[in-house]
Amino acid sequence: MGTRLTATSNAGGAIGAKDRPGHLTGASDQDVVEWAKRGHEAAFRELVRRYERPVFSLLYRMVRDRGLAEDLAQETFIKVLNGLGSYNPQFRFSSWIFKIANNAAIDQLRKRELDTLSLDGSPHATTPEAMRATALQLGDKRETPLQELEARELGGAIERAIARLRPEYRSCILLRHVEGHSYEEIARILELPLGTVKTYIHRARNELRGYLADRKE
Amino acid sequence: MTPTPDTRHLTPDEVELWAEGLLPAARDAHLAQCDACRATAGGERKLFRDLAQLTRFAPEFGFVERVMAKVKIPTPSGPHFRSHSDS
Ligand SMILES: [Zn+2]
């Protein structure tokens with residue numbers, strides 16, 4: 001997957017081409033990690049560039065708050081890059097970084113109980129009535145530009161449906177359908193049995209179909 | 001091959017394969033004759049289309065620099081790496 005990311009991941013960096021040696025661009029993640037471990041700063045930058053969007057996107061969709069997602073993304077990269085010595089190259093680098101990012105998101109959701117504040121109401125609500133009853137009352141407060149951006153980015157029907165999934169289901173769906181990981185990779189990332197991952201994804205899709213059908217009523 | 005009717009409903013895995021256009025032809029035959037499976041499969045394909053619209057978002061400009069400011073770069077060691085185009 002690393003190679004697929006190189007073409008699109010330069011938006012967040014302020015680095016010119018001279019700081020991005022050509023030999024890094026097409027290199028495998030494993031090779032870039034090796035260069036980073038030997039002290040090549042450009043290799044560190046390359047890893048951030050490859051994964052800033054995937055990692056940020058996962059975190060943003062998990063916590064639905066840009067600022068918080070960026071803090072968690074920074075934490076993830078700092079932990080990963082300062083811990084390259086403990087990276088096991090038998091694992092895909094992407095699996096490792098997503099595992100750390102997802103753990104950060106789940107910890108945050110537990111701590112802040114953000115999952116109960118999804119736009120569509122409590123994920124524990126099981127009927128449309130209960131969902132409406134627990135939904136946040138929008139429109140009461142003036143939106144800041146950042147909130148407007150978040151509403152624009154995460155306000156579509158599919159994004160709102162994903163927000164209603166419980167966090168474990170959400171991680172699975174995002175890793176499968178945004179990042180294109182196999183079920184086996186997702187099992188490794190989330191440290192869950194393969195059968196559990198399949199069950200979560202099938203249940204999540206059933207729920208999503210239901211939420212999207214609700215919306216058309 | 002004997003044309004025995006395939007009465008087994010599609011498993012969730014098979015529905016996914018169908019939505020991705022990868023279901024073996026033998027199981028397509030069941031789909032052709034089963035309204036329940038067709039409804040499920042049609043819903044799944046539509047969901048896949050919705051999910052395929054999910055794009056990646058970018059963090060605020062300067063993310064790489066903010067991360068790099070907090071990363072400890074080890075002292076350089078080992079051979080210098082050459083660009084593939086050097087060779
Ligand atoms: Zn059937």
Side-chain angles (χ1 to χ4, degrees), chain A residues 8-9 11-15 21-24 26-27 31 34-41 43-45 48-49 52-57 60-61 66-67 69-70 73-74 77-78 81-82 84-85 153 156-159 161-162 173-174 176-179 198-199 201-202 205-206 208-209 212-213, chain B residues 8-23 27 35-87:
Chain A
T8 58
S9 57
I15 314 300
H23 66 285
L24 288 177
D31 284 345
E34 273 311 305
W35 290 330
K37 280 159 109 173
R38 295 181 196 186
H40 294 257
E41 186 181 336
F44 282 85
R45 291 177 184 279
V48 184
R49 244 182 243 117
E52 60 177 335
R53 281 170 180 247
V55 164
F56 175 75
S57 299
Y60 185 26
R61 287 191 169 102
R66 264 194 159 270
E70 170 136 357
Q74 274 198 51
F77 278 103
I78 291 161
L81 298 179
N82 284 339
L84 285 180
E153 289 176 329
I158 184 68
E159 297 284 5
I162 286 171
I173 285 289
L174 295 173
R176 176 87 187 120
H177 289 281
V178 181
E179 297 308 327
K198 284 191 172 187
T199 304
I201 290 181
H202 293 146
R205 287 200 200 122
N206 282 341
L208 289 173
R209 279 201 301 270
L212 291 165
Chain B
R8 289 171 301 132
H9 289 306
L10 298 191
T11 65
D13 283 344
E14 288 177 323
V15 172
E16 179 169 357
L17 287 176
W18 180 81
E20 292 168 341
L22 300 172
L23 186 68
R27 297 293 282 142
D35 290 344
C37 281
R38 265 205 312 282
T40 309
E44 189 82 336
R45 182 170 278 180
K46 196 171 174 314
L47 177 62
F48 272 50
R49 262 188 239 125
D50 285 337
L51 288 167
Q53 289 170 11
L54 296 173
T55 51
R56 290 194 182 123
F57 299 110
E60 285 290 294
F61 185 81
F63 181 80
V64 179
E65 291 313 309
R66 289 193 291 285
V67 169
M68 290 305 294
K70 293 181 182 167
V71 170
K72 295 187 284 284
I73 311 282
T75 314
S77 65
H80 276 289
F81 290 88
R82 278 187 210 158
S83 159
H84 297 312
S85 57
D86 286 352
S87 53

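So that the names make sense, note that chain A is the first sequence line, chain B the second, and so on, each numbered from 1. Not measured: the values here are computed from a predicted model.
- Side-chain contact between R56(B) and P54(A): present, with at least one pair of heavy atoms (C-beta onward) separated by less than 4.5 Å.
- E16(B) contributes atom CD, which lies 5.0 Å from atom CZ of R176(A) (distance to the nearest 0.5 angstrom).
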query: Could you go step by step and tell me if L208(A) and D50(B) meet the side chain to side chain contact (heavy atoms under 4.5 Å, CB included) rule?
result: CA-CA 10 Å; L208(A) 289 173; D50(B) 285 337; over 6 Å; no
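- Atom CD of E44(B) sits about 7.5 Å away from atom CG of N206(A), to the nearest 0.5 Å.
- Residue contact with chain B, scored on non-hydrogen atoms closer than 4.5 Å, involves the backbone and the side chain of H177(A) alike.
- I173(A) touches chain B through its side chain: at least one heavy atom from C-beta onward sits under 4.5 Å away, while N, CA, C and O do not.
- With values rounded to the nearest 0.5 angstrom, T55(B) atom OG1 is found 8.0 Å from E153(A) atom CD.
- Put simply, NZ on K46(B) and CZ on R209(A) are 11.5 Å apart, with the number rounded to the nearest 0.5 Å.
- Contact of Y60(A) with chain B is made through the side chain alone, with heavy-atom distances under 4.5 Å.
- In this structure the side chain of V48(A) never reaches within 4.5 angstrom of the side chain of V71(B), judged on heavy atoms.
- The nearest pair of heavy atoms linking P59(B) to F56(A) is N-CD2, 3.6 Å.
- Looking at heavy atoms from C-beta onward, I158(A) lies in side-chain contact with L47(B) at the 4.5 angstrom threshold.
- Across all their heavy atoms, Q74(A) and V67(B) have their closest contact at CG-CG2, 4.1 Å.
- Both the backbone and the side chain of L54(B) come within contact range of chain A, with heavy atoms under 4.5 Å apart.
- Of all heavy-atom pairs spanning K70(B) and N82(A), the tightest one is O-ND2, 3.4 Å.
- E60(B) contributes atom CD, which lies 6.0 Å from atom CD of E70(A) (distance to the nearest 0.5 angstrom).
- Only the backbone of A36(A) comes within less than 4.5 Å of a heavy atom in chain B; its side chain stays farther off.
- We find the CZ-CZ distance between F57(B) and R61(A) to be 4.0 Å, quoted to the nearest 0.5 Å.
- Looking at L84(A), there are no atoms closer than 4.5 Å to chain B (heavy atoms on both sides), in backbone or side chain.
- With a 4.5 Å cut-off on side-chain heavy atoms, D13(B) and H202(A) count as touching.
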